[in-house]
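Let me begin by presenting the structure, written as structure tokens, before commenting on it.
In what follows, every heavy atom counts, from backbone to side chain, and hydrogens, waters and symmetry copies are set aside.
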Amino acid sequence: MILYPAIDLKDGQAVRLVHGDMDQATVFSDDPAAQARSFVEAGCEWLHLVDLNGAFAGAPVNAAPVEAILKSCDVPAQLGGGIRDMATIETWLEKGLARVILGTIAVENPDLVREAAKAFPGQVAVGIDARNGFVATKGWAEETDVRVTDLARSFEDAGVAAIIYTDILRDGAMGGPNIAATADLARAVSIPVIASGGVSSLDDLRALRDCGTALNGAISGRALYDGAIDLREALAELRG
């Protein structure tokens with residue numbers, strides 16, 4: 001199981017939100033590229049990047065810090081937030097992203113997800129952000145009547161590389177991930193699932209790893225910044 005350190009970008013800074021609320025942002029670094037390098041130096045295999053402003057704007061906003069991270073780090077990175085058309089997908093992949101994460105557009109224009117996954121095999125993931133089992137879009141600001149498992153299953157034959165599943169009510173709250181819901185989703189689809197939201201201790205990572213189904217990975221942000229999870233120790237644990 002891969003551990004993805006998260007760098008959430010707001011106004012050019014690395015921040016963490018609580019429950020996705022932009023008004024509850026804690027700034028952890030004014031230099032996201034330096035933060036990314038510290039994660040790489042600790043041994044991470046991937047980076048998980050989110051353009052928070054972009055998620056609300058519907059277009060890339062924090063392009064400069066993302067590009068700085070890509071130029072200064074030699075591990076693959078995935079990015080979500082504001083990626084809602086083929087031109088933006090192509091641009092980011094050309095700039096060196098290993099994988100784009102499509103969230104809002106997966107609900108609003110699933111055909112685009114299919115088109116992108118076919119055009120860029122292995123480089124398109126679907127981000128499913130949920131509140132009480134239902135998908136939320138546009139930076140988690142809008143709730144839908146779409147169930148998580150229904151959306152995930154609709155992409156079974158699309159060739160997407162992974163599903164990033166975030167429980168919004170757990171995100172940034174340091175209360176532990178929704179292991180049951182994550183495991184249920186992983187059992188419901190053949191697409192690799194990456195857990196996100198609430199991963200706040202080494203025990204949480206162990207519980208996800210041992211939850212009875214094969215998870216591709218887990219994303220953690222605040223716990224790494226706060227020191228609740230030591231990245232080197234966690235990587236060693238997950239690598240066995």
Side-chain angles (χ1 to χ4, degrees), residues 2 4-14 32-33 35-37 39-40 44-129 135-142 144 146 151-152 154-166 189-194 196 216-217 219:
I2 299 168
Y4 295 74
I7 299 178
D8 290 1
L9 299 163
K10 179 178 182 284
D11 304 331
Q13 300 172 311
Q35 181 62 64
R37 287 193 296 272
F39 287 147
V40 173
C44 74
E45 301 170 57
W46 273 84
L47 291 168
H48 175 78
L49 313 177
V50 181
D51 182 348
L52 293 171
N53 301 101
F56 285 90
V61 175
N62 287 284
V66 172
E67 290 177 27
I69 290 169
L70 295 177
K71 289 176 182 176
S72 63
C73 296
D74 59 0
V75 301
Q78 60 185 19
L79 170 71
I83 305 174
R84 298 180 190 170
D85 56 54
M86 187 63 82
T88 304
I89 293 168
E90 291 176 356
T91 296
W92 274 127
L93 294 177
E94 288 171 356
K95 288 180 181 292
L97 268 182
R99 192 153 65 198
V100 295
I101 303 167
L102 307 181
T104 294
I105 206 67
V107 176
E108 296 184 349
N109 188 359
D111 287 343
L112 177 63
V113 177
R114 295 174 178 278
E115 180 186 354
K118 184 176 181 180
F120 305 105
Q123 293 185 286
V124 175
V126 171
I128 299 182
D129 306 323
V135 178
T137 61
K138 297 180 180 175
W140 303 349
E142 295 189 13
T144 73
V146 179
L151 182 61
S154 73
F155 293 111
E156 275 281 33
D157 61 348
V160 300
I163 289 173
I164 291 91
Y165 170 67
T166 303
V189 296
S190 60
I191 304 166
V193 172
I194 299 169
S196 176
N216 175 269
I219 295 166

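- In this view, P76 and W46, A98 satisfy the side-chain contact (heavy atoms from CB on, under 4.5 Å) rule, not counting sequence neighbours.
- With sequence neighbours excluded, the residues that form a side-chain contact (heavy atoms from CB on, under 4.5 Å) with A33 are D31, R37, A68, I69, S72.
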With a cut-off of 3.5 Å and sequence neighbours excluded, list every side-chain donor-acceptor pair involving residues 90-97.
unit_1 : atom_1 : unit_2 : atom_2 : d
T91    : OG1    : A87    : O      : 2.9
K95    : NZ     : E67    : OE2    : 3.2

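- Pairs passing the salt bridge (Lys or Arg N to Asp or Glu O under 4.0 Å) check and including a residue from residues 74-83, sequence neighbours excluded, do not occur.
- D51 pairs by the side-chain hydrogen bond (donor to acceptor under 3.5 Å, both in side chains) definition with N62, not counting sequence neighbours.
- Checked against side-chain contact (heavy atoms from CB on, under 4.5 Å), Q35 has the following partners two or more places apart in sequence or in another chain: I7, S29, S38, F39, Y225.
- Every side-chain hydrogen bond (donor to acceptor under 3.5 Å, both in side chains) that T88 has, sequence neighbours left out, goes to D85.
- None of L151, T137, I128 except one satisfies the side-chain contact (heavy atoms from CB on, under 4.5 Å) rule with V146; the exception is L151.
- Every pair passing salt bridge (Lys or Arg N to Asp or Glu O under 4.0 Å) that includes a residue from residues 104-116 is listed here, sequence neighbours excluded: E108-K138, R114-D157.
- Applying the side-chain hydrogen bond (donor to acceptor under 3.5 Å, both in side chains) test to N216 and every residue at least two apart in sequence or in another chain returns Y4.
- For the side-chain hydrogen bond (donor to acceptor under 3.5 Å, both in side chains) test, no residue two or more places apart in sequence or in another chain qualifies with Y165.
- Looking at I194, I163, I164 one by one, the single match for side-chain contact (heavy atoms from CB on, under 4.5 Å) with I101 turns out to be I164.
- When all heavy atoms are compared, the tightest approach of A152 to I191 is O-CD1, 3.9 Å.
- Legend: residues meeting salt bridge (charged side-chain N to carboxylate O under 4.0 Å, His left out) with E45, ordered by chain and number and at least two apart, are R239.
- For residues 117-128, no residue pair satisfies the side chain to side chain donor-acceptor pair (under 3.5 Å) rule, not counting sequence neighbours.
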